[in-house]
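Quick caveat: nothing in here was measured; it's all calculated off a predicted structure. Numbered from 1 within each chain, the chains take letters A, B, ... in sequence-line order.
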Amino acid sequence: MNLNNAPQRIRWGVIALLIGIAIFLSILDNSGNLDNALAFLRNPLIAILDWTSARTDTLADALSGPRDLQEAKTEIERLQERLDALERENEELRESQGEAQLLFDLFNRARQAPELTRVTANVIGQDTNPAIRSIIIDKGSEDGILVGMPVESARGLVGRVFRTAAKSSQVVLITDSASAIPTRLGTSRATGILRGGGLGGSMAIDWLDLKYQVEIGEVVSTSGLGGKFPQGIVIGRVIEVERREAELFQRAIVQPAVDTESLEIVFVITDFQPIETDIFSDTTETP
Amino acid sequence: MRTSFYLAVPIMMLLSITQSAIIARYPLLGFVPQLSFLVALSWGLLHDVEEGVTWAFVGGFFIDLFSVTPTGVTPFVWMIAILVVIQLSQIFPTSRYIMPTISGALGTLLYIAMQVLLLRLFGYQSSLETVIALLPLSILHGILILPVYWLMYTLLQRIRPRRVSF
């Protein structure tokens with residue numbers, strides 16, 4: 001690196017400038033000062049992402065469809081044209097059946113807890129950072145989505161809205177390592193904080209009192225403590241209990257009820273008001 | 001650099017959309033390759049460190065738009081990783097297969113470690129386990145960089161053909 005040379009100086013100056021901009025941006029964004037500016041950039045990109053996601057679905061369906069057709073070709077040559085039509089119809093019906101089943105599940109979920117108002121959203125993308133577990137949905141602030149709203153699917157809790165744009169939102173999944181949810185176990189009634197395992201890790205409830213006899217297979221649901229999630233949303237099941245008598249606490253490994261990799265449609269619970277617990281700390285600080 | 005910047009913007013924008021909408025659905029061996037990073041690194045290796053850093057800035061910026069990480073973290077870690085790797089590449093074997101492979105793997109390792117550290121600094125729950133769990137991604141990147149490097153080489157030849165003097 002010879003800084004006496006003018007082009008070299010300019011080159012390293014550009015590099016230093018870009019690094020400086022990146023640091024400045026991350027500090028500004030982390031403090032929430034860039035939300036509006038970034039939303040301006042993010043909105044058109046999310047529209048393209050939505051379009052791409054829909055086309056990918058169509059293409060994936062088209063590629064997975066013709067297998068039956070190939071088998072039919074070899075079996076009944078003369079019925080080829082009719083078979084094509086029937087096959088297409090069959091695929092459409094199968095897709096409709098899948099959608100109907102999904103909507104039926106969602107309807108059932110809505111019926112189980114009718115007191116909560118929900119907005120249905122399509123999953124249009126996943127987090128581009130391999131260390132983070134989050135999804136992008138096609139509903140945003142224009143649809144009444146606010147930061148902190150709980151998100152669930154027909155099978156159970158999915159996560160929490162982290163950031164909103166006009167027409168989209170980012171949802172941090174329960175499996176992300178930053179996730180911490182107050183939970184209650186179904187049979188033993190033990191309560192604890194469920195932490196996401198992040199990449200390659202398992203979700204686990206640490207610090208469970210040894211007085212509770214936690215069993216494998218127990219249903220884990222939200223306890224409602226802390227006021228961030230409504231009570232009683234299913235999260236998963238206990239698949240392993242680490243109980244060491246020498247220690248004062250036990251640990252339960254939890255398998256999520258929701259397959260976060262294959263989510264298509266989710267519910268955002270819009271009328272649940274998360275309780276802001278910060279007010280308590282403010283009160284103590286007030287002279 | 002200016003021409004390259006204008007080329008980087010549409011390419012990196014398309015790659016980040018592809019990354020979120022398509023590639024993320026079809027992980028390779030359980031990992032989602034970071035194509036934008038491989039493209040930026042390949043471009044830098046084929047051209048120079050300034051170009052690589054510029055492409056990393058643009059690519060990382062678009063990647064952060066589709067992520068919950070604070071915008072700026074990914075460009076920062078990518079730029080540093082590419083800067084270090086390109087400087088070190090002078091001591092790597094000059095083979096067109098070995099040099100990109102080592103660079104891809106080492107660069108990935110560097111950026112993942114720095115990203116986890118930075119995310120912790122910003123209050124995210126990233127841990128050493130995340131770095132360990134992502135280690136195979138560096139091997140995957142070491143392999144996947146070869147076709148990307150070749151493609152970038154072809155692109156570079158097209159847009160900046162070598163001058164021939166008679």
Asker: Under 4.5 Å heavy-atom distance to chain A, tell me which part of Ile80(B) shows up: side chain, backbone, both or neither.
Answerer: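 It is the side chain, since no backbone atom gets that close.
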Asker: Determine the option with the most heavy-atom pairs under 4.5 angstrom with chain A, choosing from Ala21(B), Ala24(B), Ser67(B).
Answerer: Ser67(B)
Asker: Need one label for Ser134(A): side chain, backbone, both or neither, based on atoms under 4.5 Å from any heavy atom in chain B.
Answerer: side chain
Asker: Checking Tyr111(B) against chain A: side chain, backbone, both or neither under 4.5 Å from a heavy atom?
Answerer: side chain
Asker: If we ignore hydrogens and angles and just use 3.5 Å, is the side chain of Thr154(B) paired with the main-chain N or O of Trp150(B) as donor and acceptor?
Answerer: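 Yes; at least one donor-acceptor contact below 3.5 Å.
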Asker: Please report the shortest heavy-atom distance between Lys228(A) and Pro150(A), naming the atom on each side.
Answerer: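 What the structure gives for the nearest pair is O-CG, 4.0 Å.
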Asker: What are the two closest non-hydrogen atoms of Val53(B) and Leu18(A), and how far apart are they?
Answerer: CG1-CD1, 4.0 Å
Asker: For Ile132(A), is it the side chain, the backbone, both or neither that has a heavy atom under 4.5 Å from a heavy atom of chain B?
Answerer: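 For Ile132(A), the contact with chain B is made by the side chain alone.
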Asker: Given heavy-atom pairs under 4.5 angstrom as the criterion, report whether the side chain, backbone, both or neither of Phe57(B) touches chain A.
Answerer: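 Answer is side chain: those atoms of Phe57(B) sit under 4.5 Å from chain A.
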Asker: Where on Val171(A) is there a heavy atom nearer than 4.5 Å to chain B: the side chain, the backbone, both, or neither?
Answerer: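 Neither part.
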Asker: May I ask you to name which of Thr69(B), Val49(B), Val68(B) has the most heavy-atom pairs under 4.5 Å with chain A?
Answerer: Val68(B)
Asker: Decide whether Thr74(B) and Gln115(B) meet the rule of one side-chain donor and one side-chain acceptor closer than 3.5 Å.
Answerer: yes
Asker: Checking heavy atoms, do the side chain of Asp64(B), its backbone, both or neither come under 4.5 Å from chain A?
Answerer: backbone
Asker: Heavy-atom distances under 4.5 Å only: say whether Leu137(B) touches chain A with side chain, backbone, both or neither.
Answerer: side chain
Asker: Please classify the contact of Ser16(B) with chain A as side chain, backbone, both or neither, using a heavy-atom distance under 4.5 Å.
Answerer: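 Backbone of Ser16(B) only, per the 4.5 Å heavy-atom cut-off to chain A.
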Asker: Only pairs of heavy atoms separated by less than 4.5 Å count here; which of Val32(B), Ile112(B), Leu83(B) has the most with chain A?
Answerer: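 Ranked by contacts with chain A, first place is Leu83(B).
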Asker: Could you look at Ile23(B) and say if it's the side chain, the backbone, both or neither that has a heavy atom under 4.5 Å from chain A?
Answerer: neither
Asker: For Arg163(A), which atoms come within 4.5 Å of any heavy atom of chain B: side chain, backbone, both, or neither?
Answerer: side chain
Asker: Kindly indicate, with the supporting measurements, whether the criterion side chain to side chain contact (heavy atoms under 4.5 Å, CB included) is fulfilled by Ile136(A) and Gln126(A).
Answerer: CA-CA 6 Å; Ile136(A) 304 168; Gln126(A) 297 195 20; over 6 Å; no
Asker: Examine whether an atom of Leu119(B) lies under 4.5 Å from a heavy atom of chain A, and if so say whether it belongs to the side chain, the backbone or both; otherwise answer neither.
Answerer: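 The answer is the side chain of Leu119(B).
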Asker: Keeping Ser168(A) on the side-chain end and Ala165(A) on the backbone end, is there a donor-acceptor pair under 3.5 Å?
Answerer: no
Asker: Who wins among Ile135(A), Ile15(A), Ile21(A) for the most heavy-atom pairs under 4.5 Å with chain B?
Answerer: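 That would be Ile15(A).
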Asker: Counting only non-hydrogen atoms closer than 4.5 Å, does Leu34(A) touch chain B with its backbone (N, CA, C, O), its side chain (CB onward), both, or neither?
Answerer: neither
